[in-house]
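Comments concern the structure below.
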Amino acid sequence: MMASNSKEQERTKEMKELEIIWETRLTPKPPFSFEHTVQKDTRFGANWYWLTPFESYEQGIMRSGFRVPETQEPVGLLVQSKGSVNQPSLEIKFFSYHSLSNFEKQQAMAVLRRSLDAERDIKEFYELSEDYPVLKQAKQDLYGARIAPLPDLLSTVMLSIVLQMASEGRTEQMLKLIYNNYGKKLEFDRHEIIVSPLAEQLRKVSEEDLRTKCKLGYRAKYIKGAASLIAEGNFPNLVNLETISSDDVKRLLMQIKGIGEFASEVVTPHPSFPVDIWSVKIFCKLFGISESRKPREMISLVKEYAKKEFGVWQKYVYEYIVNDLENLSEKFGLDL
DNA sequence: GCGTCCAGGTCTACC
DNA sequence: GGTAGACCTGGACGC
């Protein structure tokens, strides 16, 4: 009887809205644009959401969420810019069913700083941009935007797999079905968001369920395989991958079935240029690279060009262009 | 309404 | 080691 009541209380608690458990502030290095960092061009951006495909950005307020590393506790998040691009200041409210320990607070803030790339000095990138008309324009359009990874390895790997062989609409469909079916729904501040499923949970889902409920097709076995590998706990997390050399990270990631050259470049925390068959033509046109071979063969040439010209800033170059493509296509006469 | 084709990548069998 | 073909699914297109 007691156990039953306790379960009932737990269910009721889980269903009610989360409460504010911690308020704090974050001061990123200027120039920093909160809007351009969390709000991407939904038509072209590879990472067209900030932390989860089920988040809400209205009137300068972002409501989103993630799981605290180590404990995997889901937290809701409300972030609002209270400063300017040159004097940035963010007001942050965390929502949860439980209070967070000091360790969890530190972990949560570390995720947030990383997901905003808040501590990077991007002046060098902007200096480099002056030498390329297309980058100069993108810098002007997206001034202060930061390029940042998703909050955890599993969500990044899942994104890289559903990006393959799929239009933007189809990618979004698969991703939202995964989160809808297996993610954690959080209600707070009269909004509902969904954070990433747990690897442990996804590994237990049958391949057939993933295939049919999430319309993943042949990707179902890759998602399940990746979740199993991550759940085992022996694979380095995103933070640990930063401490491993870029080549080794790539080799490690490509050991996961379904992660090839392109997907490893999407996932790696190191500088990369995840150009694919769709974007390779665009980069050739924008940077005046001669399209001397078939598009698939041009991919490695464009990547070499990006590595040589942009070095540690290649991911910034890639994302600034992809996220500003609508403006750039008009100004530079691209036929998208 | 129905059939066919194709897509922002990766794996595998075959040579 | 290099490469052609298969792979889920859904949208676009032609009839």
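All values reported here derive from a predicted model rather than from experimental measurement. Chain naming here is simple, since letters A, B, ... match the order of the sequence lines and numbering starts at 1 in each.
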Nearest-Å distance for atom pair [atom1]/[atom2], residues [X] and [N]:
X         : N      : atom1 : atom2 : value
Ile299(A) : dA7(B) : CD1   : C1'   : 13 Å
Met298(A) : dG8(B) : CE    : C1'   : 17 Å
Glu172(A) : dG8(B) : CD    : P     : 16 Å
Lys221(A) : dC7(C) : NZ    : P     : 10 Å
Leu216(A) : dG9(B) : CG    : C1'   : 15 Å
Phe283(A) : dG8(B) : CZ    : P     : 15 Å
Met165(A) : dC8(C) : CE    : P     : 11 Å
Leu159(A) : dG9(B) : CG    : C1'   : 13 Å

Task: Phe32(A): which of Ser89(A), Ser81(A), Pro88(A) passes side chain to side chain contact (heavy atoms under 4.5 Å, CB included) - done: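 The option that passes is Pro88(A).
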- [ ] Return no unless some side-chain N or O of Lys215(A) is found under 4.0 Å from OP1 or OP2 of dC8(C).
- [x] no
Task: Residue Arg211(A), side-chain atoms from C-beta onward, closest of dG8(B), dG10(C), dC8(C) - done: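 When the side chain of Arg211(A) is considered, dC8(C) is the closest of dG8(B), dG10(C), dC8(C).
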Open item on the list: Nearest to the Arg170(A) side chain among dG8(B), dG10(C), dC7(C), which nucleotide is it?
Closed with: dG10(C)
- [ ] Could you tell me whether Lys221(A) atom NZ has more than 12 heavy atoms of other residues or ligands within 6.0 Å of it?
- [x]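 Counting other residues, nucleotides and ligands, NZ of Lys221(A) exceeds 12 neighbours.
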Task: Heavy atoms from other residues, nucleotides or ligands near NZ of Lys105(A) exceed 12 (cutoff 6.0 Å) - done: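 Atom NZ in Lys105(A) is packed in, count exceeds 12.
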Open item on the list: Please encode protein proximity along nucleotides 10-15 of chain B as a string of B, S and -, counting only heavy-atom distances under 4.0 Å.
Closed with: SSS---
Task: Paired and unpaired positions of DNA chain B as dot-bracket, Watson-Crick or G-U wobble under 3.5 Å, | denoting a partner strand - done: |||||||.|||||||
Open item on the list: Would Lys139(A) pass as a cation-pi partner of Tyr320(A), given that its NZ or CZ must be under 6.0 Å from the six-membered ring centre and within 45 degrees of the axis?
Closed with: no
Rounding to the closest angstrom, what is the interatomic distance between [N] and [M] at atom [atom1]?
N       : M       : atom1 : value
dC6(B)  : dG5(C)  : P     : 14 Å
dG11(C) : dT10(B) : P     : 24 Å
dC13(C) : dG8(B)  : P     : 14 Å

Task: Backbone of Ile92(A) reached by a side-chain donor or acceptor of Trp22(A) within 3.5 Å - done: no
Task: Glu304(A)/Lys308(A) ion pair, N-O < 4.0 Å - done: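 Looking at Lys308(A) together with Glu304(A), the answer is no, because their closest N to O distance does not fall below 4.0 Å.
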Open item on the list: Is it true that Arg67(A) and Ser196(A) share a donor-acceptor pair across their side chains at a distance under 3.5 Å?
Closed with: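 Looking only at side-chain atoms, Arg67(A) and Ser196(A) do not form any donor-acceptor pair under 3.5 Å.
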TODO: Check the side chains of Glu309(A) and Tyr132(A) for a donor-acceptor pair under 3.5 angstrom, ignoring hydrogens and angles.
DONE: yes
TODO: Let me know which of Tyr305(A), Phe273(A), Phe310(A) forms a ring-ring contact (aromatic ring centres under 6.0 Å, His included) with Phe283(A).
DONE: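 Per the ring-ring contact (aromatic ring centres under 6.0 Å, His included) rule, the option paired with Phe283(A) is Phe273(A), out of Tyr305(A), Phe273(A), Phe310(A).
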